[in-house]
Amino acid sequence: MGGIVGVHGIGKYKYYLQANRSAAGAAEAMRLKWDRYLHAALGGDTGTYFTEIAYFSHHLRDDDGAVPKRAQAAMEAQTQRVLVDWARNLGVGEHVTGALKSFTGWLLTRLDDRSATFAKLFAPEVAAYLTDQARRERCRGAVAAVIRRHRPKVVIAHSLGSVVAYETLWANPDLEIDLLITLGSPLGMRNVVFERLLPAPINGRGERPRGVGRWVNIADKDDIAAIPPDLARSFTGIDVEELVNLDWIDFHTVEKYLGCPALDPHLRPFLA
């Protein structure tokens, strides 16, 4: 047992479709890529770093599309709400009022191409996870099963995956890891993620899960998902925070984060 388990972020449903709707196939395809990305940062001989990527994206979708109209309307409203609150964190549309649907349509026209593309992935998946308890529990169950199976020393969680990993580790106190690394995490995003976390923050502060020995957070300064990039102002128990400059265009991808030199000193002790 040991090694590294990864927890992916938004926009990974495509791997599920490419693997003929197999979560195991999607996870393996991602593991091979994540190994390659991490090797770019660590150098040396190629090897297997990740034992498995905990795959949960399929739990945020309905394969057959058979969603009751009332439930679909409710989810659309939640998605629009997340989009509006996310944009306010960016300072976009702060003083604009109007119908939610009209405003979100206007908002997407105001964003540049990279931000609009990101928003169309981020808002629906975050809304699906945070507002649908059944989906939330299935995602956390999938991540918990992988961690329990491999008992890794390290968990690396990217983007929305950092939210799923955080909640999973709190919900399963038997899961103990030496190191949690969060990359491009929206955990501290006010009015979108932070206040909706389980367990709920107390007196405006979250806390490192009990089974985590050490927590390192790494965020790109231009990452529009990692708002704020420094989680220590919102969470107790973060040991190290690194603000990095990955790429002004490619600011959120796991490829850039795993290829970042900032990971090296934290991972080396576990790779001997």
Side-chain angles (χ1 to χ4, degrees), residues 3-15 18 26-44 46-57 86 89-90 111-123 125-126 143 154-166 179-189 192-193 215-232 238 240-268 270-271:
I4 306 172
V5 159
V7 187
H8 68 80
I10 62 170
K12 304 308 180 210
Y13 188 66
K14 61 185 180 182
Y15 288 96
Q18 291 166 0
E28 178 59 12
M30 293 185 67
R31 188 193 66 77
L32 293 172
K33 284 192 172 184
W34 283 39
D35 266 350
R36 189 167 69 250
Y37 299 155
L38 189 54
H39 179 256
L42 300 178
T46 58
T48 299
Y49 302 107
F50 290 93
T51 51
E52 189 172 345
I53 306 302
Y55 189 78
F56 63 85
S57 188
W86 168 77
N89 277 276
L90 290 177
L111 300 171
D112 60 40
D113 288 345
R114 64 173 183 161
S115 299
T117 298
F118 174 82
K120 290 174 183 177
L121 286 172
F122 180 78
E125 296 203 3
V126 169
V143 172
V154 181
V155 170
I156 298 179
H158 174 238
S159 185
L160 176 59
S162 67
V163 179
V164 183
Y166 176 87
L179 175 64
L180 171 65
I181 299 179
T182 49
L183 306 173
S185 174
L187 273 164
M189 193 181 293
V192 179
V193 174
W215 184 355
V216 173
N217 181 58
I218 299 174
D220 178 77
K221 66 181 185 61
D222 296 318
D223 191 335
I224 59 177
I227 304 173
D230 52 329
L231 295 182
I238 295 179
V240 178
E241 292 218 273
E242 305 241 15
L243 186 64
V244 297
N245 185 10
L246 300 177
D247 190 312
W248 74 275
I249 294 177
D250 201 4
F251 51 82
H252 185 65
T253 64
V254 72
E255 178 178 4
K256 290 294 183 179
Y257 273 112
L258 290 178
C260 175
L263 280 170
D264 191 300
H266 307 296
L267 285 180
R268 285 291 175 188
F270 300 96
L271 301 177

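Position 1 is the first residue of the sequence; numbering continues from there.
- Partners of Glu241 under the side chain to side chain donor-acceptor pair (under 3.5 Å) rule, at least two apart in sequence or in another chain, are Asn217.
- From Thr51, atom OG1 reaches atom CG of Asp35 across 9.5 Å, with rounding to the nearest 0.5 Å.
- Nearest approach of Ala41 to Asp264, heavy atoms of both residues: O-OD2, 4.2 Å.
- Annotation: side chain of Asn245 is in contact with side chain of Asp220 (closest heavy-atom distance under 4.5 Å).
- Nearest heavy-atom pair, Val7 versus Gly161, reported as atom, atom and distance to 0.1 Å: CG1-O, 3.5 Å.
- Remark: Trp215 pairs with Thr182 by the side chain to side chain donor-acceptor pair (under 3.5 Å) rule, at least two apart or across chains.
- For Ser57, there are no side chain to side chain donor-acceptor pair (under 3.5 Å) partners at least two apart in sequence or on another chain.
- At least one side-chain heavy atom of Leu263 sits less than 4.5 Å from a side-chain heavy atom of Leu183.
- Remark: Ile181 CD1 to Leu267 CG distance equals 4.0 Å, nearest 0.5 Å.
- Listed here is the closest heavy atom pair of Gly9 and Phe56: O-CZ, 4.5 Å.
- By the 4.5 Å heavy-atom criterion applied to side chains, Tyr49 and Ile156 are not counted as neighbours.
- To the nearest 0.5 Å, atoms CD1 (Ile238) and CG (Leu231) are separated by 4.5 Å.
- The two residues Phe122 and Trp86 make their nearest non-hydrogen contact at CE2-CD1, 3.7 Å.
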>> One pair to check against side chain to side chain contact (heavy atoms under 4.5 Å, CB included): Arg31 and Thr48. What are the steps and the verdict?
In response: CA-CA 9 Å; Arg31 188 193 66 77; Thr48 299; 3.4 Å; yes
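- In terms of the side chain to side chain donor-acceptor pair (under 3.5 Å) criterion, Tyr37 has no residue partners (sequence neighbours excluded).
- The two residues Ser162 and Ser159 have their closest heavy-atom pair at OG-O, 2.6 Å.
- Looking at residues two or more places apart in sequence or on another chain, you find a side-chain contact (heavy atoms from CB on, under 4.5 Å) between Lys14 and Gln18.
- The CZ atom of Arg36 sits 7.5 Å away from atom CD of Glu255, with the distance rounded to the nearest 0.5 Å.
- Taken from CG in Leu179 to CZ in Phe270, the straight-line distance is 5.0 Å, to the nearest 0.5 Å.
- Remark: Ala123 pairs with Thr79, Val82, Leu83 by the side-chain contact (heavy atoms from CB on, under 4.5 Å) rule, at least two apart or across chains.
- With contacts defined as side-chain heavy-atom distances shorter than 4.5 Å, the pair Trp34/Val254 qualifies.
- In terms of heavy-atom proximity, Leu160 sits nearest to Pro186 at N-CD, 4.3 Å.
- Every residue two or more places apart in sequence or in another chain that forms a salt bridge (Lys or Arg N to Asp or Glu O under 4.0 Å) with Glu52 is listed here: Arg149.
- Contacts of Ala29 classified as side-chain contact (heavy atoms from CB on, under 4.5 Å), with partners at least two apart in sequence or in another chain: Tyr15.
- Distance CD1/Ile218 to CG/Leu246: 9.0 Å, rounded to 0.5 Å.
- A side-chain donor-acceptor contact under 3.5 Å links Arg268 to the backbone of Leu42.
- Considering only residues two or more places apart in sequence or on other chains, Leu32 meets the side-chain contact (heavy atoms from CB on, under 4.5 Å) condition with Glu28.
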